[in-house]
Amino acid sequence: TAVSIPAVSAGTDAREGRAAHPLAAASAEQLGISLNTHRATPLTNVTLANGDVLVGFDCENEVQLHALARRHPGVRVLLLGDLAGNGGTLDAEVRDPWGTSEAATMQTFQRIRGLLDALRSQLQSQPSASE
């Protein structure tokens, strides 16, 4: 049985309240995900707790997240693309598709979906802090 894992979407450089880019919303919709009510949230507005995992999409994110995590004991950081197991740090980056084509945006969203599935599997296989 699948375990529910709470998640919050927040960005290191998010402009609070901004709606998803139309290409992003269209790509997500094709994958069965509605971004109609999604609004950008700065990570500084999120309360972090022991056991939380901050997930970065690129190396710049990862550096920013490590700096933040150092101030919050028990908060871990990972680069989402590392879950693909392809070895190289630059290969592990999930680049922002902003300014690219509809096809490139869709390809990025499909990659993110696969990596998030891998993340869910990894988190479900680890004992929780309450066990």
Side-chain angles (χ1 to χ4, degrees):
T1 180
V3 176
S4 176
I5 300 173
V8 173
S9 174
T12 55
D13 296 316
R15 293 186 188 146
E16 188 167 2
R18 179 181 261 182
H21 187 280
L23 280 180
S27 293
E29 191 73 36
Q30 289 180 42
L31 294 172
I33 301 163
S34 174
L35 294 180
N36 291 338
T37 60
H38 174 78
R39 296 295 178 263
T41 302
L43 186 56
T44 54
N45 291 2
V46 175
T47 302
L48 298 173
N50 183 20
D52 285 348
V53 179
L54 299 175
V55 180
F57 277 39
D58 60 40
C59 294
E60 183 178 347
N61 270 164
E62 186 180 26
V63 168
Q64 293 169 324
L65 295 177
H66 275 293
L68 181 61
R70 280 193 290 277
R71 298 191 306 266
H72 299 276
V75 172
R76 296 182 299 145
V77 174
L78 66 83
L79 190 60
L80 184 63
D82 282 342
L83 296 170
N86 54 11
T89 300
L90 292 180
D91 292 334
E93 288 195 322
V94 177
R95 301 208 194 289
D96 188 340
W98 190 90
T100 63
S101 68
E102 186 175 343
T105 300
M106 185 61 178
Q107 184 177 27
T108 299
F109 272 63
Q110 288 170 328
R111 181 172 182 225
I112 291 168
R113 180 180 218 167
L115 291 167
L116 289 175
D117 286 344
L119 175 60
R120 182 180 330 116
S121 294
Q122 182 183 69
L123 292 174
Q124 287 177 340
S125 69
Q126 295 175 355
S128 69
S130 62
E131 292 180 28

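- The number of heavy atoms from other shown groups lying within 6.0 Å of CZ (Arg39) is above 12.
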Residue pair Thr44, Val46: steps toward the side chain to side chain contact (heavy atoms under 4.5 Å, CB included) verdict: CA-CA 6 Å; Thr44 54; Val46 175; over 6 Å; no

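- Other cluster members for Ile33: Leu31, Leu35, Met106, Phe109, joined by side-chain heavy-atom distances under 4.5 Å among Ile, Leu, Val, Met, Phe, Trp and Tyr.
- Side-chain atoms of Glu93 do not come within 3.5 Å of backbone N or O of Gly81 as any donor-acceptor pair.
- If you take CG on Leu79 and NE2 on His66, they are separated by 8.5 Å, rounding to the nearest 0.5 Å.
- Residues Val75 and Arg70 have side chains not in contact (no heavy-atom distance under 4.5 Å, counting atoms from C-beta outward).
- Atom-to-atom distance recorded for Thr108:OG1 and Trp98:CH2 is 14.5 Å, nearest 0.5 angstrom.
- The same ILVMFWY cluster, assembled from side-chain heavy atoms under 4.5 Å apart, contains both Leu83 and Ile5.
- Here the OG-NE2 distance, from Ser27 to His21, works out to 10.0 Å after rounding to the nearest 0.5 Å.
- Not a single salt bridge (Lys or Arg N to Asp or Glu O under 4.0 Å) links Asp52 to another residue, sequence neighbours left out.
- Rounding to the nearest 0.5 Å places CG of Leu115 at 4.5 Å from CG of Leu80.
- Here the side chains of Val94 and Asp58 are not in contact, with every heavy-atom distance at 4.5 Å or above.
- Around the CD atom of Glu102, the shell of radius 6.0 Å holds no more than 12 heavy atoms that belong to other residues, nucleotides or ligands.
- Residues that satisfy the side-chain contact (heavy atoms from CB on, under 4.5 Å) test with Arg71, not counting sequence neighbours, are Leu68.
- Residues passing the side-chain hydrogen bond (donor to acceptor under 3.5 Å, both in side chains) test with Ser34 are Asn36, sequence neighbours excluded.
- Taken from CD in Glu60 to CG in Leu65, the straight-line distance is 10.5 Å, to the nearest 0.5 Å.
- A search for side-chain hydrogen bond (donor to acceptor under 3.5 Å, both in side chains) contacts involving Gln30 returns nothing, not counting sequence neighbours.
- Legend: residues meeting side-chain contact (heavy atoms from CB on, under 4.5 Å) with Gln107, ordered by chain and number and at least two apart, are absent.
- Not a single side-chain hydrogen bond (donor to acceptor under 3.5 Å, both in side chains) links Asp96 to another residue, sequence neighbours left out.
- Checked against side-chain contact (heavy atoms from CB on, under 4.5 Å), Thr100 has the following partners two or more places apart in sequence or in another chain: Pro97, Ala104, Thr105.
- Residues passing the side-chain contact (heavy atoms from CB on, under 4.5 Å) test with Arg76 are Val53, Leu123, Gln126, sequence neighbours excluded.
- Qualifying side-chain hydrogen bond (donor to acceptor under 3.5 Å, both in side chains) partners for Thr12, counting only residues two or more places apart in sequence or in other chains: Asn61, Gln64.
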